[in-house]
Amino acid sequence: MYIKKITPNASAAHLSDEIEGSVQGHRDGHGFVIRDDGEGDIYIPPNEMRAVLHKDRVRVRIVRQDRRGRPEGRVVEIIERPPQPLIGRLLQESGVWLVAPEDKRYGQDVLIPKGAIGAAKPGQVVVVELTEPPALFGQPVGRITEVLGEVDDPGMEIEIAVRKYGVPHEFSAECLAQAKELPDTVRAQDKKHRVDLTDVPLVTIDGEDARDFDDAVYCEPAKVGRGKGWRLLVAIADVSHYVETGSAIDIDAYDRATSVYFPRRVIPMLPEKLSNGLCSLNPEVERLCMVCDMLVTAKGEVHAYQFYPAVMYSHARFTYTEVAAILANTRGPEAGKRKDRVKDLINLHDVYRALLVARQQRGAVDFETTETQIICDENGRIEKIVPRTRNDAHKLIEEAMLAANVCSADFIAQGGQPGLFRVHEGPTPEKQEILRGYLKAMAVGMTIGDNPHPSEFQAIAEATKDRPDAQQIHTMLLRSMQQAIYTPINSGHFGLAFEAYTHFTSPIRRYPDLLVHRVIKAILGKTKYALPSLPTPGEAHAKLAKRLAARVAAPGTRPRKDVAPPSRDTQAWEAAGLHCSANERRADEASRDVEAWLKCKYMREHLGEEYSGVVSAATSFGIFVTLDAMYVEGLVHITELGGEYFKFDEARQELRGERTGIRYSIGTRVWVQVSRVDLDGRKIDFRLIREGEELIGRALKEKGVAPESAARKAGRSGGRKRAQAPEPSATERAGLTREQAARSPAGAAKASAKKAAVNGKAGKSKSRKPRRS
């Protein structure tokens, strides 16, 4: 969401205004309130923050501007205090029991009466329920409801994350009982009114560590119209046959909305009997499936399609690595082990190449980004972090799934029934303007129109791919785009350049896919699918609803007077879409939190070591650097950049030294030392050792200064006071990742002062027993 900054003059006009919003954490005693109307963030001074907690909904009166020009507010009323457990470590200080929250945005320790400790011991990680709220002159009081264990216990980071983000991690007794009653295999009665595809050599292609198999594929040459083409079958696990609408399993699945993936552990959307057993398309067993049967032309266009329920038999379980090796050498050793399936894989590769041509012609955005994978040892500690490589096998499956998803969206639209589309809207007008300014500042020579098409983004990416600052440009292109959501109102998928798109291919791990299957079945059966009375969406749904409501569309279209209000049916589907979208975000945040914890524990063993890296983001308070060898990101605070003043150029997204002209922007190469690791805060701080030679050379060339002269100047100014960064507001943090947004310059400054103490405490983790995944 783009948050508009309030300028000093503009904010003066709003003095005495009362606004509502949510408290966004304590940062060294103060915080911000994010306004519901999206107009900007209100600064809350430390004395006001003592009476409120992170996530509280409040009414605030704007009373003044602070010395930095930020609108400052006073809390008038606490509208809502969400029932949220606090997770932290139990401490005893001078006979008083306290719990220090693991999430530092809560800002205050919680007092625990002696009789409310239970069986917890000092130092253990516990869950606390508040019994008395905080006040201006009193700390919050609570009682311990659950003991999670020692901080170094294997899997503790996951136990903290699922509670911190409210991820449901235990199935209800009714759900488990219902799952237990399901059969272990496909019964004869389940096969009625289904197409028998058991003789068709469908295969699954997944990662080495995959445990649930949603999809299987098969392809053969076929005549399409008057030309050549292929018949492509995408068979998807028929979860809807076993999970009935409104059942106990369905209620639990809706509550979760998605499976959550952590290193070495998955919290599934469905009980294991379904996710890894009865629904999973395991090799050499019969399974029920829903099939998208397509005819694809030589140009990669879907000429015709049909959906039908079927019974299948997976003839092989392939991995991406195995398929890539076979396609690279169809007479090699890997191909020799799978002689019967090599021809089918070649056909799949041929249809993929045709679909890829169609993708390029419609102008879909396709940026190459580096995704990483955490490899853990038997004790759950990181062994290494490696980049995920995407080969033709990955892309082959991706294009086949995209084709099936497009067909399912078209089928629902033609069927005239409501359903959930996967919608990805284009950049907002504000983000368009920011991107145009950036492209102009970087002398790209290309820009986007007032109503941009994804092909314009792809053209810019293609034209700049060989530039030294290509990574920076591509990152800014990505950041200008919005996040995709689930909604019954179809407005297309901008990034993929589809007029209609939905999710059909992963019903084992995504609830929207399960709903799409039910709607498709209803259309096939000439009935209408009705959403059940599902539980009221929780805090995650409300949070996303407010974010979406705060978006402001560009004016220009006159509203129609005769438009009927949305029906109850449409409203129910909108609520389901918001719920699924919000829980998808929640799962992503929980996964990132666990990864950040693991990376911090990993980097504690490398304190003081030096590494090369690349700048991944530049802000007004420093630069974020990703290490080349470890793919770990940390902050180099602006006070660590050297003895001169640095100015943040928002248009170019870079920090620039006023004296030397040295610039730090996305893609700049640097050499850093690991100086501090804060496990609780999920923060890693680096110290700049030296700039890359090309960085210094470029700055000197632009300044017209000889290297020797620059060196003498640097020596004279070594004792000059370093630049102090302004406190980053929520507005400035909005464009960064969650890990980046959690940082504050004041915290980084304190970190430098406490480095010696932290270095002494940051020993190696205890050896831990393996945790069952």
Side-chain angles (χ1 to χ4, degrees), residues 24-32 54 87-89 100-107 125 151-152 156-157 160-161 164-165 372 374 382 385 589-611 613-627 630-641 670 672-688 725 727-730 732-763 765:
Q24 291 299 302
H26 285 245
R27 297 278 193 273
D28 299 308
H30 64 261
F32 296 90
H54 174 59
I87 299 93
R89 296 180 71 177
E102 182 272 340
D103 190 338
K104 300 306 179 186
R105 288 173 296 180
Y106 284 99
V125 180
V151 69
D152 282 330
M156 178 55 65
E157 66 281 358
I160 291 174
K164 180 178 177 180
Y165 294 97
T372 58
I374 293 177
I382 293 183
I385 302 172
E589 289 176 350
S591 297
R592 283 196 294 266
D593 191 75
V594 167
E595 289 191 6
W597 168 291
L598 289 172
K599 287 178 180 179
C600 284
K601 291 196 77 171
Y602 182 52
M603 293 308 294
R604 284 200 311 187
E605 301 176 5
H606 298 278
L607 280 166
E609 295 181 12
E610 300 177 6
Y611 300 95
V614 63
V615 175
S616 52
T619 72
S620 60
F621 54 91
I623 56 175
F624 288 92
V625 175
T626 300
L627 304 184
M630 297 179 172
Y631 302 95
V632 170
E633 186 182 64
L635 174 69
V636 178
H637 192 257
I638 195 169
T639 56
E640 296 284 352
L641 290 181
V670 293
V672 296
Q673 181 186 55
V674 183
S675 61
R676 177 180 180 269
V677 175
D678 178 4
L679 187 62
D680 290 338
R682 314 291 195 271
K683 301 174 186 176
I684 301 170
D685 289 324
F686 298 147
R687 185 170 65 86
L688 191 67
E727 184 75 31
S729 69
E732 293 165 326
R733 292 192 300 269
L736 303 177
T737 65
R738 183 179 183 87
E739 182 181 355
Q740 294 165 352
R743 317 303 298 276
S744 81
K750 286 186 177 181
S752 298
K754 296 181 180 178
K755 186 192 307 179
V758 174
N759 285 352
K761 294 179 181 179
S765 304

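This one's a predicted model, so the numbers in the text were calculated from it and none came from an experiment.
Listed here is the closest heavy atom pair of Tyr631 and Ile385: CD1-O, 3.5 Å. Residue Tyr106 comes nearest to His54 through the heavy atom pair CE2-O, 3.7 Å, listed as atom of the first residue, atom of the second, then distance. Nearest heavy atoms, Ala161 versus Ala590: CB-O, 4.0 Å.
Note that NZ of Lys164 and CD of Glu157 are 12.0 Å apart. Values are rounded to the nearest 0.5 Å. Atoms CD1 and CG, from Ile160 and Asp680 in turn, are 8.0 Å apart once rounded to the nearest 0.5 Å. Asp685 CG to Met603 CE: the interatomic distance, rounded to the nearest 0.5 Å, is 11.5 Å. To the nearest 0.5 Å, atom CD1 of residue Ile684 and atom CG of residue Leu627 are 8.0 Å apart. For the atom pair Lys601 NZ and Ile382 CD1, the distance stands at 10.0 Å (nearest 0.5 Å). One distance of note links CD of Glu633 with CZ of Phe686; it measures 8.5 Å at 0.5 Å rounding.
A salt bridge links Asp678 with Arg676; the closest basic N to acidic carboxylate O contact falls under 4.0 Å. Looking at Glu102 and Arg682, a side-chain N of the basic residue comes within less than 4.0 Å of a carboxylate O on the acidic one, giving a salt bridge.
With a 4.5 Å cut-off on side-chain heavy atoms, Phe621 and Leu635 count as touching. A 4.5 Å side-chain heavy-atom check between Ile374 and Tyr602 finds every atom pair outside the cut-off. By the 4.5 Å heavy-atom criterion applied to side chains, Val125 and Ile87 are counted as neighbours. No side-chain heavy atom of Val615 sits less than 4.5 Å from a side-chain heavy atom of Val636.
No donor-acceptor pair closer than 3.5 Å links the side chain of Glu610 to the backbone N or O of Gln673.
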Starting from the C-alpha separation in whole Å, work towards a yes-or-no answer on side-chain contact (heavy atoms from CB on, under 4.5 Å) for Leu688 and Val625. CA-CA 10 Å; Leu688 191 67; Val625 175; over 6 Å; no

